[in-house]
Amino acid sequence: MTPSSRGLPASITGQTGMGALTHAVEAFIDWVDRMNAALDIPKYVTGIRRSDIPEMAAHADAEANPLYPVPLLLDRLELMRMYEVDAGGMFEGEN
């Protein structure tokens with residue numbers, strides 16, 4: 001029996017499915033966070049200097065493979081922001 005045969009519009013069925021998927025992903029992320037903590041894996045990368053981020057992003061951008069099957073490719077500015085998040089705002093020599 002298909003969802004539409006139960007009387008729900010396709011949009012409601014889709015939204016309900018996405019809600020269930022969101023909860024599953026949240027549970028997985030929580031599990032990963034707990035496992036990392038149990039294994040004493042740090043939440044953030046240490047030793048990154050803010051001044052190194054542009055060069056790190058440039059290298060990552062140059063090494064990016066446009067044929068790699070990912071949903072999107074990050075540009076240099078997005079890569080810089082990713083490194084800032086990875087450092088958790090704690091940059092070597094600033095804190």
Side-chain angles (χ1 to χ4, degrees):
M1 182 183 291
T2 64
S4 60
S5 66
R6 295 184 183 166
L8 289 175
S11 63
I12 300 293
T13 301
Q15 291 169 8
T16 302
M18 288 306 296
L21 178 62
T22 298
H23 289 297
V25 169
E26 288 171 343
F28 177 74
I29 291 171
D30 180 60
W31 177 83
V32 169
D33 287 344
R34 286 185 284 114
M35 289 302 297
N36 285 348
L39 296 171
D40 207 23
I41 297 172
K43 187 170 181 82
Y44 299 108
V45 177
T46 59
I48 296 176
R49 292 183 305 226
R50 188 181 301 273
S51 60
D52 292 335
I53 289 179
E55 185 176 353
M56 292 166 63
H59 283 290
D61 189 36
E63 294 293 324
N65 181 354
L67 301 178
Y68 188 74
V70 294
L72 77 116
L73 296 173
L74 302 177
D75 64 25
R76 195 171 293 188
L77 290 176
E78 292 166 324
L79 288 164
M80 288 174 61
R81 177 67 185 127
M82 179 195 71
Y83 287 125
E84 290 171 357
V85 169
D86 288 344
M90 305 291 287
F91 296 101
E92 191 75 19
E94 289 187 11
N95 303 311

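Keep in mind it's a predicted model, so treat the numbers as computed, not measured. Values below: all heavy atoms of this structure, side chains included; hydrogens, waters and symmetry mates excluded.
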Does one hydrophobic cluster hold both Tyr44 and Ile41, with members joined at side-chain heavy-atom distances below 4.5 Å? no
Between CG on residue Asp75 and CE on residue Met80, distance to nearest 0.5 Å: 10.5 Å
ILVMFWY network linking Met35 to Val32, side-chain heavy atoms under 4.5 angstrom: yes
The reported gap from CE in Met56 to CD1 in Ile48 (rounded to nearest 0.5 angstrom) is 4.5 Å
Out of the candidates Val45, Ile53, Asp52, only one should pair with Tyr83 under the side-chain contact (heavy atoms from CB on, under 4.5 Å) rule; please name it. Ile53
From Arg49 CZ over to Glu55 CD, what is the distance, rounded to the nearest 0.5 angstrom? 9.5 Å
Do the side chains of Glu78 and Arg81 get close enough for a salt bridge, i.e. N-O under 4.0 angstrom? no
Gap separating the CD atom of Glu26 from the CD1 atom of Ile29, nearest 0.5 angstrom: 7.5 Å
